[in-house]
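Worksheet: the structure to be examined is printed underneath.
Per chain, numbering begins at 1; letters A, B, ... match sequence-line order.
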2 protein chains.
Amino acid sequence: MLNSYTSADKVLLAVDCIIFGFDNEDLKILLIKRDFEPEKGKWSLIGGFLKKDEVLNDSATRILNRYTGFHDIYMEQLYTFSEIDRDPVERTISVAYYALINVENHNEELIQNYNAKWFSINEAPKLIFDHDKMLKHAISRLRYRTSTKPIGFELLPEKFTMRQLQKLYEAILSKELDKRNFISKINSLDILIKLDEKDMLSSRKGSYLYTFDKEKYEEKLMNDFVLNL
Amino acid sequence: MLNSYTSADKVLLAVDCIIFGFDNEDLKILLIKRDFEPEKGKWSLIGGFLKKDEVLNDSATRILNRYTGFHDIYMEQLYTFSEIDRDPVERTISVAYYALINVENHNEELIQNYNAKWFSINEAPKLIFDHDKMLKHAISRLRYRTSTKPIGFELLPEKFTMRQLQKLYEAILSKELDKRNFISKINSLDILIKLDEKDMLSSRKGSYLYTFDKEKYEEKLMNDFVLNL
DNA sequence: TTTTATTTGTGTTGAAATAACACTAAATAA
DNA sequence: TTATTTAGTGTTATTTCAACACAAATAAAA
């Protein structure tokens, strides 16, 4: 029976992040053009290596911060990928995370520095290694998430219209939703505050702006629920 | 920018398995009494270390085989745990898996050798390290699984009664179900074959035995579905 | 000033799914 | 023969879900 720690093999542990954003039309992911070998010049998820005295979540946070400049990013562990040759350089196990951020207020400069770019998930280029598989997983998890947790706070601007929220759900679920049914389902969650203010940019009539009721939102984040759209 | 593989830290990667079984009454887990330090004599999930040239799934399979004697065990990766001091001996990241097996036909001898024992999930002892947390995760994942995949083939004997199947669902979901509603929902899945044979042991009247229609079952395993009980 | 075009905002209704509910049938044991 | 136990089986009310259309507000164009 193997009971000796010292005889066990050690491996490299990477963390790769699928960063989702939303531009009022499409669901997007942030990719970088790798500037080192192997696969230099190819598109890749952002990632890095786990440090010796670092918890995985902290590692993901550090990596996310490095590429976006953000602290406090919503993020969840996804799955751990371990195919032998997934990384041709050296055996590397990768723990994938996905994150949700607001496209609008992230750091342009950082994006430039890192040769990063937002892609619609439908128009994303082929990615290196097994990153395409990770992305698929992430999308599927994000879809599931819509049925058990509120979503939007992390992806939308502070104030947003009902239409924007609906577009977000449509982008994630990749299907069209009925406006009236959507509104009544969302309202039944009781997490929105209707403001006395209209957005006049997107229509002649103008549409009311909403914000999330942060307390109620976070309470739902903790305690799941069911939402069938 | 960190782009050097060689400068990254390597860590120990463990695999821990939550093995679920079912005894017609309770949902059970297989635990072992550790026979080495640290925490010698305490109850623990079965586990081991990932080998250098091994994929995580294979590692879990190997470990499951060692303790149960089974090949072809149904198994899914759960989550990766990485708290710094989760293992007091050395920094160890652990990838948790859960598995479903049939309590009846597993290897008694192996259980003896390893000081293993089945516990009802309600009566499980405190476990070492963060294994309790892993167990919680696993139960929650198993519950979710009932709503998207068929379940039972892995946990029940070849032939079983409707009541047994219901008891299994009740044990997993930890709630009582209405017999008539349960039967009609299960039947609508169209994965059972009613046999021309009765089990006379558990009642005077005797109850029909069923088996899974393996093909249909596996088709549903691949393609999810929705089952609300 | 009037007309046109565009997007918002709002309820009802039929269909489907779900949850609640109770009695008879079969067999063995007393 | 009677009593006991568990199996087997449908209906109904409630709830949820999906489909559906038109008027109101405004800005732009005529």
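With sequence neighbours left out, the side-chain hydrogen bond (donor to acceptor under 3.5 Å, both in side chains) criterion links B:E104 to no other residue. Taking B:T146 as the reference, nothing meets the side-chain hydrogen bond (donor to acceptor under 3.5 Å, both in side chains) condition, with sequence neighbours excluded. Here A:F153 pairs with A:Y217 under the ring pair (Phe, Tyr, Trp, His ring centres under 6.0 Å) rule; sequence neighbours left out. Residues passing the side-chain hydrogen bond (donor to acceptor under 3.5 Å, both in side chains) test with A:Y144, sequence neighbours excluded: none. B:K167 is linked by a side-chain hydrogen bond (donor to acceptor under 3.5 Å, both in side chains) to B:E25, counting only residues two or more places apart in sequence or in another chain. Partners of B:F182 under the ring pair (Phe, Tyr, Trp, His ring centres under 6.0 Å) rule, at least two apart in sequence or in another chain, are B:Y169.
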Under 3.5 Å donor-acceptor pairs involving side-chain atoms of residues 155-165 of chain B, not counting sequence neighbours:
{"residue": "B:K159", "atom": "NZ", "partner": "B:E197", "partner atom": "OE1", "Å": "3.0"}
{"residue": "B:K159", "atom": "NZ", "partner": "B:E197", "partner atom": "OE2", "Å": "3.2"}
{"residue": "B:T161", "atom": "OG1", "partner": "B:Q164", "partner atom": "N", "Å": "3.1"}
{"residue": "B:Q164", "atom": "OE1", "partner": "B:T161", "partner atom": "N", "Å": "2.8"}
{"residue": "B:Q164", "atom": "NE2", "partner": "B:N24", "partner atom": "OD1", "Å": "2.8"}

Identify each donor-acceptor pair in which a side-chain atom of residues 131-140 of chain A lies under 3.5 Å from a protein atom, sequence neighbours left out, and give them as a table.
{"residue": "A:H131", "atom": "ND1", "partner": "A:L45", "partner atom": "N", "Å": "3.1"}
{"residue": "A:D132", "atom": "OD2", "partner": "A:L127", "partner atom": "N", "Å": "3.1"}

Atom pairs and distances, side-chain donor-acceptor, residues 118-126 of chain B, under 3.5 Å, sequence neighbours left out:
{"residue": "B:W118", "atom": "NE1", "partner": "B:H106", "partner atom": "NE2", "Å": "3.4"}
{"residue": "B:S120", "atom": "OG", "partner": "B:D26", "partner atom": "OD2", "Å": "3.0"}

What nitrogen or oxygen pairs link the protein and nucleotides 13-17 of chain D at under 3.5 Å?
{"residue": "D:dC17", "atom": "OP1", "partner": "A:N228", "partner atom": "ND2", "Å": "3.4"}

Hey, what are the protein-to-nucleotides 22-24 of chain C N/O distances that come in under 3.5 Å?
{"residue": "C:dA22", "atom": "N1", "partner": "B:R180", "partner atom": "NH1", "Å": "3.2"}

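Sorted by residue number, the list of members of residues 155-171 of chain A with any non-hydrogen atom under 4.0 Å from DNA chain D is empty.
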